[in-house]
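Each remark here refers to the structure printed beneath this line.
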Amino acid sequence: MTESPIASHFIRTRIDEDCAQQTYGDKVVTRFPPEPNGFLHFGHAKSIFLNFGLARDYLAQCPQSICNLRFDDTNPTKEETEYVDAIREDVSWLGFDATGHEFYASDYFEQLYRCAELLIQADLAYVDSQDADAMRATRGTLTEPGRNSPFRNRSITENLVLFRQMRAGDFPDGTHILRAKIDMAAPNMNLRDPAIYRIRHAHHHRSGDAWCIYPMYDFAHCVSDAIEGITHSLCTLEFMDHRPLYDWFLDQLATLDVFQRPLPQQIEFSRLNLTYVVLSKRKLIQLVTGQHVHGWDDPRLPTLKGARRRGFTPEGFRLFTDRIGVSKSDSLIDYSVLEDCMRDHLNDTAERRVAVLDPVKLVLTNYPEGQSEECYAPNHPHHADWGKRVMPLARELWIERDDFMPEPVKGFFRLVPGGEVRLRYGYIIKCTGFDQDAEGRVTCVYAEYDPDTKSGTPGSESRKVKGNIHWLSCDQALAAEIRLYDRLFSVPAPGARREGDAPDLDRDFLDDLNPNAMQIHTGMIEPSLATAAPESRFQFERHGYFVADQVDHTAERPVYNRTVTLRDSWGKK
RNA sequence: UGGGCCGUCGCCAAGUUGGUUAAGGCACUGGAUUUUGAUUCCAGCAUACCAAGGUUCGAAUCCUUGCGGCCCAGCCA
């Protein structure tokens, strides 16, 4: 696999500067902060490799470096424990162990609360008793300033009492809210007295019913970072406008001696955009709940769970994140880049096997009935030490339907009537005829083999044929379910308007679903593929990379998923 | 139309305290090897940095003015 060198990017540059100036001493502390309200997707893989990768890379230079896994669970109505477990699994699948540095924002509720009281006491926060509609109405617009709330000038004492009553559960949801007192006329909307705490009488997956007020993201995130001693808090571009608020909270709290400087700094990078998929939580949920796919781990889904079942590898993702880099420009990565990365890794690591996906019978008419002999197939063309396996050859074989054309098109150099081709690892054969059914579908192909051309025997090299096809003897082959996966959507930008669309046309991304994203075949496989463990990955020669299905594959009923095809300069449709 | 950010080869992306010939990867093209139309190997691939002006001996890098794209008006994160 081509190992790309560690690429320089603006975040590394910043960290290098901080290290050079000893801003944070001997540490680079990052964090991966998922909200446990959904499954991780390809976009998270970028963030995971960035955050965990950075901490790991700087370990030699800054021995205290680490990356925390922090569950950002400040919204009790959306989060669940099942997601926590799934996320932890995904992170570890990608190769990062967060044992000992796994945290929860909800563990900081008490500290967060104390910080809020301190802000109130410093006259930097107040309890607003407007309802949500009134708040929205007075927030102003992008071009007009907002108006101060009539409750903005409550006394510190009154604010404190009210806030404590909020915590005590004296008020129903939505009646009061704690707001930062900043500037209702700020051009940055986030600074127009943002909400800090809302009342939510809801059961929290970890804190249970201990709380009925919960902190908002802007407040909880920066404080959590400071508590954990994060040095570089990396997030995506849409949070850029929140940075002044992030700095404001921390600055005030540092002034109030809650935190020591230097404070963590937020740095934004552009999120992953990939063609032919959707990466928004909302759309992913729609696909699952709308039954367009079979659950969160459906191999068609761009979730990490789906990727795993699909046969994608952590190393492939690692390669991918290295290749696409990190920057602040909105980019759109072609899906083929991801596929290429998986091929790249799998090419090196997957043993070769033979499978006939769409079998048609081939009879070697001059091969004695009841006889069979051994042929040898290497497990990997570039790793002789991986050994070889025996493939019995006999009179009746299965070959790929696509490898025979009764009426060949130009450029086709596989089996054709009267033509010659090599049975891979076996003999050169010459097609002598074929049977068709009433619909013209080929039902059987006949050929004669040349006994002097067996692979590996002296003289077998003397005759060259261009075509080379794979096969399986009918006696040996086992039937298997082969799930051929393809891209989930049939257009690069699902749901996006396309050239020529009527001005009033609204497209639905679900209409762009690729109906052929999964096709189930019954194919023939080598016996060793049946006994392989779930999640074993192989290259099916001349087809692509396949993985034994994580949940459905058994020796009795083998199931293989196609991860990605081989590159194909001929059959590209 | 307020604020923030971005615009370097088909796709990514270095370089942006101005200094000879604009890194690298992917894709692509050509050639070699090859019992996977795979892999591998070798070679090629931006007089050009959104545009137009300007400053300068010298600019992708500085200035000006435009153009294009993304984000923000949740008691979501």
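Throughout, a chain's letter reflects where its sequence line sits, starting with A, and its residues are numbered from 1. Only a predicted model underlies this, so the values are computations on that prediction, with no experimental measurement involved.
Heavy-atom distances under 4.0 Å link RNA chain B to Ile177(A), Pro187(A), Met189(A) of residues 176-190 of chain A, given in residue order. Only Pro381(A), His382(A), listed by number, bring a heavy atom of residues 373-390 of chain A to less than 4.0 angstrom from any atom of RNA chain B.
Here the NE2-CZ distance, from His470(A) to Arg352(A), works out to 14.0 Å after rounding to the nearest 0.5 Å.
Side-chain contact between Lys281(A) and Asn37(A) is present, with heavy atoms from C-beta onward closer than 4.5 Å.
Of the candidates G37(B), C12(B), U36(B), the closest approach to any side-chain atom of Phe412(A) belongs to G37(B). Here C76(B) is the nucleotide among A73(B), U36(B), C76(B) with the atom lying nearest to any side-chain atom of Met216(A). When distances run from any side-chain atom of Asp241(A) to the nucleotides C72(B), C12(B), A38(B), the shortest one goes to C72(B).
In this model, the phosphate group of C72(B) is not approached by any side-chain N or O of Arg243(A) to a distance below 4.0 Å at OP1 or OP2. Close to C75(B), at under 4.0 Å from its OP1 or OP2, lies a side-chain N or O of Arg139(A).
Residue His242(A) is in base contact, counting any heavy-atom pair closer than 4.0 Å across all strands shown. Counting any heavy atom pair closer than 4.0 Å across all strands shown, Arg414(A) reaches a base atom.
Residue pairs meeting the ring pair (Phe, Tyr, Trp, His ring centres under 6.0 Å) criterion with at least one member in residues 170-192 of chain A, sequence neighbours excluded: Phe171(A)-His176(A).
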